[in-house]
Amino acid sequence: MMDKRNLLKLMVLALGVSVLLFVFGYPRGVQPIDEHTIRYVIEQEPSTLDPAKSTTSPEATVQLQLFDGLVRLNDESEPEAALAKNWDISDDGREYTFHLRPNLKWSNGEPLTAYDFEYAWKRVLDPEVHADNAYMLYVLENGEAFNTGKAAAEDVGVKAIDEDTLVVTLENPTAYFLKLLASHSYYPVSKKAVEAHENWAANAETIVSNGPYRLFSWKHNGEMDFIKNPNYWDAESVKTEKMNWPISESQSTRLTLVEGGEADMTVEPPVADQKRLEEAGLLHIGPMLGNYYYVFNVKAEPFTDPDVRKAFSMVINRANIVNNIVRGGKEPAYAFVPYGMLESNGREDFREAGSYLVYEDVEQAKEILKKAGYGKNRPLPQITILYNTSELHKAIAEAIQDAWINAFGADVRLQNQETKVFLADREAGKYQVARASWVADYSDPQNFLEVFSAEDNDGQYHSDEYNELIARIRTTPNGAARDALMHEAEKMIFDESLVMPLYFTTQPYVTNGTIQNYFWTTLGLVDFKKAYK
């Protein structure tokens, strides 16, 4: 048993430590967790938090807490004024003049001005930066021309007139432009921070942001700690002082953290647990405009032949995959553009106005493959399905593997990779067929159709005809003619059998009910700006 003298020494020591922490603060990388800390388990390690280069939903979710644009989506997924207090639009709909709020600051206390927006947007378009998101700024006058080396930076339609005024000129009137401004590609970035560190957005010590929170520490593949940003323009609305986000690609681990009381919320719980969680009132379904699909590498055998790609897609029972593996309110996908976006008339859903573009017929698929020249005398080559580590991705890949073996007697192997490696290999075309998903950057069908117009799209697909069609969509005013062009583009994707759609996404999540006043956008991102416990 401890004697009174030693107990007194320990009490004095503890008091001394408490006083030091009170005076000097907690050391960098150590952030205390209390009952008011929001604890959200994120589903993968972000590769980068650079708004120009990030590509995944988890990265965008982190960025939503760290950054703000000219506008921010509200709980109805509609854009409302953020760093821009207001704006003027020209009669022809091509010129926007944004008036910034006064005395804006970066998280490090330095001034944030309209020049930061001009720098950030031109940086995304700079061909030397190789930003995956550059296409999102093609609505700007000469945006695409600059990105493809046909114009100079000064020709791009974004100009800071002074520190508080930004003038934006579009190639054509764009009905969804304000929604587009809420996406991460349009966030401002600090030129000083970017030029000071090559990997400025990959570490807590070097990232400079401007949103509700700032990144306090980042233990890679471990956890991220956030603290309230006192320099945020709307800091009064931010009720939470600290957030702790563990990182885990394992669905089971994420759920265990929530049910074990070590976290408050996470996404995509294991399918096997969803019914139990729903009955316990812990499972919720958030919105998400997105799809889950397999992409074929059109330069890799046997998928260089569109008929082969079509046959492989036709033998998949999507309803079985959704009902028995995925669940979570998902819906089988027989096209690429999901439900939830309206035609220009504002009444009819774009997906409902379109038609099924994929049909399931095993016997017909066998005939198509036979006509493509494959059979006993010419067997299919070995096929490898590439996916990133996840119980869900693995289960789906196994179902696809079984379907292809049963239908064609194919030799199908599975290869899983850590997410960073997987994304790099898929982008570089180092695969035959790979899992993929697309969640909208903005609420318009065009955002999905543009996936295959990018020069470096994951399918390695290049078509002048398709690119010209996308260019026409971009320049056609919002209306019935533009709707028709978008349906034509989607049909072309399936005439070429570029993808094998599986389901349209939702955002299932588990919460213990302690976090209040958060919301999910239709882009599948959770916003904790005004949340509290």
Side-chain angles (χ1 to χ4, degrees), residues 14 17-46 49 57-68 72 75 82 105-109 184 187 193 201-248 253-267 509-521 525-533:
V17 171
S18 298
V19 170
L20 286 172
L21 290 176
F22 177 78
V23 175
F24 297 105
Y26 287 85
R28 183 80 180 183
V30 178
Q31 180 70 350
I33 298 175
D34 58 30
E35 69 273 19
H36 299 296
T37 300
I38 289 178
R39 302 170 302 171
Y40 174 80
V41 193
I42 189 171
E43 64 268 41
Q44 70 183 47
E45 163 82 3
L49 295 176
S57 291
E59 290 166 348
T61 298
V62 175
Q63 290 167 330
L64 183 60
Q65 323 309 318
L66 297 179
F67 289 91
D68 232 358
R72 191 178 182 95
D75 57 5
K105 295 181 180 180
W106 291 105
S107 56
N108 60 6
H184 58 86
Y187 291 153
N203 294 285
E205 293 77 14
T206 54
I207 189 169
V208 176
S209 58
N210 71 313
Y213 300 92
R214 68 179 182 87
L215 197 56
F216 180 83
S217 68
W218 184 355
K219 299 174 184 175
H220 291 284
N221 295 301
E223 64 181 4
M224 310 178 83
D225 287 305
F226 305 75
I227 58 175
K228 179 178 177 178
N229 177 13
N231 292 312
Y232 182 49
W233 72 270
D234 194 23
E236 290 184 1
S237 296
V238 183
K239 307 302 181 186
T240 293
E241 295 291 334
K242 295 172 292 186
M243 296 197 297
N244 171 255
W245 289 22
I247 303 168
S248 177
T253 299
R254 296 199 300 268
L255 179 59
T256 297
L257 288 172
V258 175
E259 293 199 291
E262 297 180 66
D264 306 305
M265 183 187 294
T266 193
V267 295
Y509 65 98
V510 175
T511 176
N512 59 15
T514 58
I515 307 177
Q516 307 297 316
N517 212 34
Y518 63 89
F519 67 88
W520 293 86
T521 72
L525 309 179
V526 59
D527 192 334
F528 290 119
K529 172 180 172 176
K530 297 181 181 180
Y532 61 88
K533 287 176 63 178

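Everything quoted here is computed from the prediction, not taken from an experiment. Sequential numbering from 1 along the given sequence is applied to the chain's residues.
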Surrounding CD of Glu236 (heavy atoms of other residues, nucleotides or ligands, distance under 6.0 Å), is the total greater than 12?
no
Within the 4.5 Å heavy-atom criterion, are Thr61 and Leu64 side-chain neighbours or not?
no
Is a donor on one side and an acceptor on the other found under 3.5 Å between the side chain of Asn203 and the backbone of Glu205?
no
For the OG1 atom of Thr266 and the CD atom of Glu259, what is their distance to the nearest 0.5 Å?
11.5 Å
Would you say the side-chain atoms of Asp68 pair up with the backbone N or O of Gly211, donor to acceptor, closer than 3.5 Å?
no
In the structure I gave you, are the side-chain heavy atoms of Met243 and Pro212 within less than 4.5 Å of one another anywhere?
no
What's the spacing between Leu255 CG and Ser248 OG if we round to 0.5 Å?
11.0 Å
NZ/Lys105: more than 12 non-hydrogen atoms of other groups inside 6.0 Å:
no
How close do Asn231 and Ser107 get, heavy atom to heavy atom, and via which atoms?
ND2-O, 3.2 Å
Backbone N or O of Trp106 within a donor-acceptor pair of the Asn210 side chain at under 3.5 Å?
no
Hey, does the side chain of Gln65 reach the backbone of Val526 with a donor-acceptor pair shorter than 3.5 angstrom?
yes
Give, for atom CZ of Phe528 and atom NZ of Lys533, the distance between the pair rounded to the nearest 0.5 Å.
10.5 Å
Any side-chain heavy atom of Ile207 sitting closer than 4.5 Å to one from Trp218?
no
Count the heavy atoms of every other residue, nucleotide or ligand shown that sit under 6.0 Å from NZ of Lys530, and state whether that count exceeds 12.
no
For the side chain of Lys242 and the backbone of Ile33, is there at least one donor-acceptor N/O pair under 3.5 Å apart?
no
Please check if the side chain of Arg254 supplies one atom and the backbone of Pro246 the other of a donor-acceptor pair under 3.5 Å.
no
Closest approach of Val510 to Val258 (non-hydrogen atoms, all atoms of both residues):
CG1-CG1, 4.0 Å
Looking only at atom types and distance, does a side-chain atom of His220 sit under 3.5 Å from a main-chain N or O of Ala202, one as donor and one as acceptor?
yes
Can you name the nearest heavy-atom pair linking Ala235 to Pro230, along with the distance?
CB-O, 4.3 Å
Exercise: identify the closest heavy-atom pair between Arg39 and Gly261
NH1-O, 2.9 Å
Check whether any side-chain heavy atom of Ile38 lies under 4.5 Å from a side-chain heavy atom of Phe226, and answer yes or no.
no
Reported CG-to-CG distance for the pair Asn229 and Asp234, which is rounded to 0.5 angstrom:
11.5 Å
Glu45 side-chain N/O to Asn221 backbone N/O, donor-acceptor pair under 3.5 Å:
yes
Under 3.5 Å, side chain of Glu223 to main-chain N/O of Asn244, donor-acceptor pair present?
no
In the structure I gave you, are the side-chain heavy atoms of Asn517 and Lys239 within less than 4.5 Å of one another anywhere?
no
Do Thr240 and Tyr213 come within less than 4.5 Å of each other through their side chains, counting heavy atoms only?
yes
Donor-acceptor under 3.5 Å (Arg214 side chain, Ala204 main chain)
no
Working to the nearest 0.5 Å, report the span between CD of Glu59 and NE2 of His184.
8.0 Å
So which atom in Met224 and which in Ile247 form the shortest heavy-atom distance, rounded to 0.1 Å?
CG-CD1, 3.8 Å
One should read off an interatomic distance between Leu525 CG and Trp520 CH2, to the nearest 0.5 angstrom, of 8.0 Å
Run the side-chain contact (heavy atoms from CB on, under 4.5 Å) test on Trp245 and Leu215 for me, step by step, so that the C-alpha distance in whole Å, both residues' side-chain angles and the decisive distance to 0.1 Å come before the verdict.
CA-CA 11 Å; Trp245 289 22; Leu215 197 56; over 6 Å; no
